[in-house]
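So the structure is just underneath, and the comments pick up after that.
Not measured: the values here are computed from a predicted model.
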Number of protein chains: 2
Amino acid sequence: MIADDSNRGGRAPRRSRDDVVDAALELLDRVGLPDLSMRRLAEHLGVQPSALYWHVENKQQLLAAVSARILRPVSAADEAGTSLDVAAREVAVRLHDSLLAYRDGAEVVSSSLALGLVEPPAHAHLRAVALERGESASLADTIADTVTHFVVGFTFHQQQRRSADAWGAASGGVAASPERIAAGDDDGFTAALDLIIAGVTTVLAGGATQYPEPRR
Amino acid sequence: MIADDSNRGGRAPRRSRDDVVDAALELLDRVGLPDLSMRRLAEHLGVQPSALYWHVENKQQLLAAVSARILRPVSAADEAGTSLDVAAREVAVRLHDSLLAYRDGAEVVSSSLALGLVEPPAHAHLRAVALERGESASLADTIADTVTHFVVGFTFHQQQRRSADAWGAASGGVAASPERIAAGDDDGFTAALDLIIAGVTTVLAGGATQYPEPRR
DNA sequence: ACCTGAACACCGTTCAAGT
DNA sequence: ACCTGAACACCGTTCAAGT
């Protein structure tokens with residue numbers, strides 16, 4: 001039974017789970033996380049709110065799926081053959097770019113990550129590089145966690161400040177420091193990242209407090 | 001709830017803004033952020049929801065005040081006379097402890113920070129140490145930002161995983177990695193922090209990407 | 001100065017019932 | 001298999017009015 005018949009005779013189009021996630025990502029980028037409600041999403045899809053719950057368990061799982069979409073480019077490329085510190089920097093930069101690619105991307109990913117509903121990006125990738133290089137997997141995990149938390153936290157802050165600036169510097173805030181706000185718009189991200197990568201390099205060279213194995 | 005006796009003649013007790021923030025912090029610790037609503041808080045205070053808006057501009061500002069309370073111990077102690085890297089580690093540890101001291105503390109602080117409604121802790125402190133040591137203020141800022149974002153991000157994740165574990169490992173999650181979950185319960189925090197501090201130390205020694213200056 | 005009462009414009013989610 | 005309709009149990013916030 002169920003012989004194909006996707007939309008015979010011009011009936012209302014049926015949606016897949018993927019369509020719902022696509023629509024959610026698009027709506028997120030347009031209206032921002034605070035205004036991304038299940039009801040608005042339903043309206044956007046031309047459907048009753050309750051219909052969404054056929055495709056998706058609940059809002060958090062939907063946001064997790066959206067997060068996975070946002071993070072897709074991070075786990076993509078890897079040439080292998082690089083050292084762990086170089087790989088870590090590349091992952092960090094890709095993660096940063098991916099989070100910035102959608103409105104409130106960092107916040108969405110941050111909470112899915114915290115809830116354990118998406119795999120930390122880079123984790124598997126860096127582990128592979130570590131193996132190749134004869135470094136321990138737990139060192140790779142430490143590096144991956146450090147980079148992930150730093151980048152997500154930093155980008156979250158960055159993104160929020162941008163939308164605050166866009167909306168106009170309004171009531172009661174501590175006031176976004178009036179240095180440059182639209183120059184290269186890096187906000188010190190690369191400086192901070194350099195710091196972390198310097199740590200990775202140092203540790204890899206055997207200069208840390210507690211990583212006894214210099215090489216093997 | 002509120003002990004104080006400014007209540008002569010048995011009239012209904014009046015609340016100050018501080019009372020409201022106190023109650024919010026207490027309720028946060030008891031029920032968690034998702035269940036901390038203005039209506040529940042009002043009930044907790046024996047007051048109509050609308051009454052809260054006399055004391056507080058809105059929910060976000062209330063949470064900012066709660067965040068400032070949580071962060072108070074971080075900016076407290078400073079002995080001076082330490083190097084920047086040692087100071088950075090101490091700040092990181094105090095921040096970590098303070099965030100863990102209240103349920104969902106990291107999440108609350110994270111969003112207040114991102115919205116620019118609280119000053120980043122440590123910022124001023126580390127700047128002072130930098131001046132004392134003849135380091136640049138912008139280096140101190142970079143260090144402060146790096147440490148802050150890392151610690152807040154990491155602790156957020158840590159705290160969320162704890163309450164997930166407490167509630168029982170339920171439906172659909174990626175599954176909290178089944179290593180140890182109740183050992184020292186450090187989750188790699190100190191290992192990651194070591195990495196960052198190694199970066200700070202390296203940069204202070206002039207050993208960043210360019211290696212010209214061995215010391216100063 | 002501090003609070004009530006009532007309302008406005010929303011939420012996420014469930015569930016029987018339809019096709 | 002996919003969706004509607006209606007309901008449940010909530011939200012944050014505003015504002016006139018009371019004391």
Evaluate A:Arg94 against A:His125 for side-chain contact (heavy atoms from CB on, under 4.5 Å), listing each step before the verdict. CA-CA 13 Å; A:Arg94 282 209 301 280; A:His125 182 187; 3.5 Å; yes
B:Leu52 CG - D:dC11 P separation (whole Å): 12 Å
Identity of whatever pairs with C:dT13 - Watson-Crick or G-U, under 3.5 angstrom: D:dA7
What's the closest nucleotide to the A:Met38 side chain, out of C:dT13, C:dA1, D:dC3? C:dT13
Between P on C:dC2 and CH2 on B:Trp54, what's the gap in Å once rounded to a whole number? 4 Å
Rounded to whole Å, how long is the line connecting atom CG of B:Leu41 with atom P of C:dC3? 12 Å
Test: B:Asp22 and B:Arg69 ion pair at under 4.0 Å: yes
Heavy atoms only, 4.0 Å cut-off, all strands: where does A:Ser50 land among base, sugar-phosphate and nothing? base
Interatomic distance where CD belongs to A:Gln61 and P belongs to C:dT13 [whole Å]: 10 Å
Between B:Gln159 and B:Leu99 (side chain of the first, backbone of the second, donor and acceptor by atom type, cut-off under 3.5 Å), is there such a pair? yes
Which whole-number value in Å describes the distance from B:Asp19 CG to C:dC2 C1'? 13 Å
Residue B:Arg40, side-chain heavy atoms: nucleotide from C:dC2, D:dC11, C:dT14 that is nearest: D:dC11
Mate of C:dA1 where both pairing distances stay under 3.5 Å, Watson-Crick or G-U: D:dT19
Assign each of A:Ala51 and A:Asp35 the nucleotide of DNA chain C bearing its closest heavy atom; nearer the 5' end lies the nucleotide of A:Asp35
Please state how far atom CD in B:Glu43 lies from atom P in C:dT4, giving the value in whole angstrom units. 13 Å
C:dA9 versus D:dC10 - spacing of their P atoms, nearest Å: 22 Å
Under 30°, 30 to 60°, or over 60°: which ring-plane class applies to B:Phe150 and B:Phe189, parallel, tilted or perpendicular? parallel
Grab the CD-P distance between B:Glu57 and D:dG12 for me, whole Å please. 16 Å
With respect to the side chain of A:Ser37, which nucleotide from D:dC11, C:dG12, C:dC3 is positioned closest? C:dG12
B:Asp35 and B:Arg30: salt bridge (Lys or Arg N to Asp or Glu O under 4.0 Å), yes or no, with the steps? CA-CA 9 Å; B:Asp35 287 334; B:Arg30 187 158 58 206; over 6 Å; no
Report the nucleotide, chosen from C:dT4, C:dT14, D:dC3, that has the shortest atom-to-atom distance to any side-chain atom of B:Gln48. C:dT4
Between A:His55 and D:dA1, does any side-chain N or O lie under 4.0 Å from OP1 or OP2? no
Could you check which of D:dC3, C:dT13, D:dT13 has an atom nearest any side-chain atom of A:Arg39? C:dT13
Given C:dT4, D:dC3, C:dC2, the nucleotide with the shortest approach to the side chain of B:Val47: C:dT4
Expressed in angstrom and rounded to an integer, what is the separation of B:Tyr53 atom OH from D:dC11 atom C1'? 9 Å
